[in-house]
Amino acid sequence: MAGKLATIDYVILAAYLIGTVILGLAIGRRIKTGKDFFLAGKALPWWAIGMSLVATDIGGTDIIGVGGAAYSHGMAVANFEWIGCVPAMIVGAFIFIPIFWRLGIYTIPEYMEKRFNVGTRSALAVVWLMFMTCNLGIMLYASAKMMNVLFGWGITECVLLTAALVGVYTLAGGLAAVVYTDVIQCTVMIGGCLLALVIGLNDLGGIGGMLESIREVESAKGMEEGEMTALIVPADADSPFPWTGILFGLALVLSPAYWIGNQAIVQRSLGAKSEFAAKASYVWGALLKNLIPIVVAVPGLIALAKFPELGDGDKAFPTLVAELFPAGLRGLFLAAFIAALMSSVDSYLNASATIVTNDFYRRFFNQGASDEHILKIGRVVTAVLLALAIAFAFYISKIEGKGVYAIFQTLMAFFQGPALALILTGLLWPRANGKGALVGFIGGVAFSVLLYALGQESVYTAWGLEPLFKVPDPFLFYSIWAFVVAIGLIVTISLLTKPESEEKLKDVVWRFNRTS
Amino acid sequence: MTPLHHIGELFRNLSLAIPMGAVRVIFLALLIGLLIWVLRLPKEATTPPEGTGKAPENLKLWASVALGLQILIYCCF
């Protein structure tokens, strides 16, 4: 696609980038306190938060990756955006988010101290911070690498340019800038991908033409009819998305852990102007999520129908754009890709700065800090974290990048299950106590590490064992078992030790908040 | 074989024994169950306190649309 970009494409891209930064800087002029910076002054409307939720969830690499996975493995990848998002968002809207909003908290670990104890808060904050900081570096590097392959741009230049653009408006405007720029980014992202869908389908003679071509490809590759368009895949299929992993690992563990426990996601709803707006934002996000696989995954199937011999799925979306899009529209797709990248980086940057400032600096070093002082600290922390992320991106570029990316996906699965166990028992089971929570969280993480170790060839061959999991990249299964073990430990230890006082549970448990 | 291998094997065999038609029913049951829960939520949990009481202001409607689309999708694919 590198040689296919015309001047008009670059003009459109530049206009989008400049517009985004100007908007972010304009919002930054209104930021006066830490509450403005981290919670947008609790003034965000539901429609902006909902669009921001969707934009944050889809990164630049996801647009290419989801289309690529659809090309290689079929529509089953859409489960990540459908059953892997919508149910958890609806449950979150009516049970979890209203309680978090009413408590006036800045972070999910802060909730853990109100419900359990400072140890649980710190353990969760440390794990999230480590993950998010590294993930920032990974996102910068992975996207730069993708831009290098797709457009022929230098990796160093891409990392620095992305970091500079995102850094400028996130540093200036905090959460408000992140959310309002995400609104533009969500619109550009969906618009760009929708173009690929419409142009692609038109080229194939409509949906019927696409399905006909896909059936021919299935037949040529010796697949069963309908295999590439099936959402639910058998447990023993040669696919990374068997139904067992999708239902138990994704829909019941990873997805709720993400939508109600991920600071980068939940934080924007904590900045909603009202409790109703916080709920409405999640419902609006769930409605939008119904659309996402159609504009992101279906173009992968279109590419399969049109170019069945590409080999690498990650080439599917770019090839479609390069071959079918006229000049100008290619620039729009490029803007959509960069919008998706920026909307994820800015959210993780702002969320990790919120954790450092509130769960460490304010909690342990300066509890009486003024809101103006917290704003200054928040900006300094944002700059430091961005510098760390850039350094980590360059570090990854010197070692084997793809392997590191896969490892961090697995690391996320290590603690997402135990983190969900904390939130579920914390909000829904009044008998859960601090000791049980801390032991359950640490035990759950340790168990998932054990499962990971038993899946390593060097370990199981040395011990004369069979591999524990039969599917490639079994991260969905780590999360299931880590969740089960964490829940088991929380329940057991809590029942064996003293319960929390009724006074402590008053506003932090759902049982006491029936009207929500 | 460790105890973990035996447990894993047991669950793997159990999941393989479930016909794909029944798997689809499980997926749909999850979504339908959630839809029923949403429809039974009290009005004060789904409407703004200062609202006019009109249907579009009720989040129950939009949450049902989102879940209804999901049910349709998982019925068809």
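None of the values given here were measured: they were computed from a predicted structure.
- Inter-residue side-chain proximity for B:L30 and A:L247 is flagged as met; some heavy-atom pair is nearer than 4.5 Å.
- Between chain A and the options B:L67, B:V38, B:I73, the largest number of non-hydrogen pairs under 4.5 Å is found for B:I73.
- By number of non-hydrogen pairs under 4.5 angstrom with chain A, the leading residue of B:V23, B:L35, B:L16 is B:V23.
- Within a 6.0 Å radius of CG in B:L10, more than 12 heavy atoms belonging to other residues, nucleotides or ligands are found.
- Of the listed residues (B:T46, B:V65, B:L31), the greatest number of heavy-atom pairs within a distance under 4.5 Å of chain A belongs to B:T46.
- Residues A:K279 and B:E44 share a closest heavy-atom pair of NZ-O, 4.3 Å.
- Residue contact with chain B, scored on non-hydrogen atoms closer than 4.5 Å, involves the backbone and the side chain of A:V91 alike.
- Here the closest heavy-atom approach between residue A:I232 and residue B:F27 is recorded as CD1-CG, 4.0 Å.
- Using a 4.5 Å cut-off between heavy atoms, A:F248 does not touch chain B at all.
- Taking a 6.0 Å sphere around CZ of B:F77, one finds it holds 12 or fewer heavy atoms contributed by other residues, nucleotides or ligands.
- Between A:F94 and B:A63 the shortest heavy-atom distance is CE1-CB, 3.9 Å.
- Both the backbone and the side chain of B:L69 come within less than 4.5 Å of a heavy atom of chain A.
- Nearest heavy-atom pair across B:S15 and A:A235 is OG-CB, 4.0 Å.
- For chain B, no part of A:L288 is nearby; none of its heavy atoms comes within less than 4.5 Å.
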Practice task
Start with the C-alpha distance between A:F276 and B:E50, add both sets of side-chain angles, then the distance that settles side chain to side chain contact (heavy atoms under 4.5 Å, CB included), and finish with yes or no.
Solution key: CA-CA 10 Å; A:F276 179 77; B:E50 69 289 357; over 6 Å; no
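- The part of B:I18 that comes within reach of chain A is its side chain, from C-beta onward, which places non-hydrogen atoms under 4.5 angstrom from that chain.
- Evaluation of the salt bridge (Lys or Arg N to Asp or Glu O under 4.0 Å) rule for A:E227 yields no partner, not counting sequence neighbours.
- Between A:Y282 and B:W62, the distance from one ring center to the other does not fall under 6.0 angstrom.
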Which atom pairs, donor and acceptor, lie under 3.5 Å between side-chain atoms of residues 78-89 of chain A and protein residues at least two apart or in another chain?
| residue | atom | partner | partner atom | Å |
| --- | --- | --- | --- | --- |
| A:N79 | OD1 | B:Y74 | OH | 2.6 |
| A:N79 | ND2 | A:A76 | O | 2.8 |
| A:N79 | ND2 | A:L231 | O | 2.7 |
| A:E81 | OE1 | A:K289 | NZ | 2.4 |
| A:W82 | NE1 | A:N290 | O | 3.0 |

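- Closest heavy-atom contact between B:W37 and A:I90: CZ3-O, 4.4 Å.
- Residue A:W481 touches chain B through its side chain alone, counting heavy-atom pairs closer than 4.5 Å.
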